[in-house]
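Okay, structure first, notes after.
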Amino acid sequence: MRIVIQADALAAAAFVATAIANQIKKKPNSCLGLATGGTPVGAYRELIRIHSERRLSFAEVTTFNLDEYVGLSADHSCSYRRFMTDNLFQFLDIPLEQTFVPIGDAADLAKECAEYEDRIRQAGGIDLQLLGIGSDGHIAFNEPGSSLASRTRVKTLTHQTRLDNARFFDSMDLVPTSAITMGVGTILESREILLIACGASKALAIAEAVEGPITASLPASSLQMHLCVTLVIDELAASGLKRSDYYRQSETERARLEKSTVR
Ligand code: PGA
């Protein structure tokens, strides 16, 4: 695992946006896995800036979002489809038909989940998956206890997750009780994973995900099994890490080696 500690949320967002932009430069028809929530918004803002100022085209990119609330239609003001339109897609040159978000009000949810997996497969798999992390260590909506082999399916949301997300709704009662989510197994098949976490409320989950045992009780800990994961965190989210000095030293060493290779 590569642990990148940035001074603040703004710097973390800039790092993530640059990594995504570099992926698209390297492979213009990249398949990106995208996340919703408060944390990725800064990175999306920066990507929009890179797109408009540096003319980075998303015309050949395909995207798959991690999850969607069950029961919300695509045009519902709190749906993740709407979130993506409002915060990213409307500002890019990506064709709508190349953007995928699970359909939360599908008549047959099990069929929608199976088809979502098929769509990812048909697209050739995800090159770079962006993740956030819940205060309880969930990734996407894989709540504590989720099978580490799980595929896209419907998950019941924990009370904590509903509380955390209530800020996006008019009242707690309106927060859906379940969601379609990519599984942990689905996420781990991505070729590369970039997790962003900011703020003190994420410190415990980050510490356990990086330095604790691999356990279904903390789904983010499964990332320890992946060959190519980068955690981009701010100082507050890093505050529970025991080996933060070592992670900083590793980044300094990485930069030194890159410089000497370039020369
Ligand atoms: P947040 O959500 O970015 O709104 O904190 C992250 C998550 O639950 O994955």
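Whatever order the structure lists them in is the order used to number ligands and atoms, beginning at 1.
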For atom 5 (O) of ligand 1, what is the closest protein heavy atom, and at what distance to 0.1 Å? Lys202 NZ, 2.6 Å
A student checking ligand 1 against Gly134 at a 4.0 Å heavy-atom cut-off should list atoms 7 (C), 8 (O), 9 (O)
If you define the side chain from C-beta out and look only at heavy atoms, does anything of Leu66 sit under 4.5 Å from Thr36? no
What protein heavy atom is closest to atom 8 (O) of ligand 1, reported as residue, atom name and distance in Å? His138 NE2, 2.7 Å
Would the number of heavy atoms belonging to other residues, nucleotides or ligands and lying under 6.0 Å from CZ of Arg162 be above 12? yes
Centres of the Tyr69 and Tyr80 rings: under 6.0 Å? yes
Decide whether the shortest distance between a heavy atom of Arg167 and an atom of ligand 1 is less than 4.0 Å. yes
Restricting to non-hydrogen atoms, name the atom on Phe168 and the atom on Gly37 that form the minimum distance, rounded to 0.1 Å. CZ-C, 4.3 Å
Is the Phe58-Phe89 ring centre distance short of 6.0 angstrom? no
Are side-chain N/O atoms of Arg82 and Asn87 paired as donor and acceptor at under 3.5 Å? no
Protein residue, atom and distance nearest to atom 3 (O) of ligand 1, heavy-atom basis: Thr39 OG1, 2.4 Å
Run down the list Ala140, Cys198, Ala35, Gly38 and name the one with the heavy atom closest to atom 4 (O) of ligand 1. Gly38
So the atoms of ligand 1 within less than 4.0 Å of a heavy atom of Gly37 turn out to be 3 (O), 4 (O)
Counting only heavy atoms closer than 4.0 Å, does ligand 1 sit against the backbone of Ile133, its side chain, both, or neither? backbone
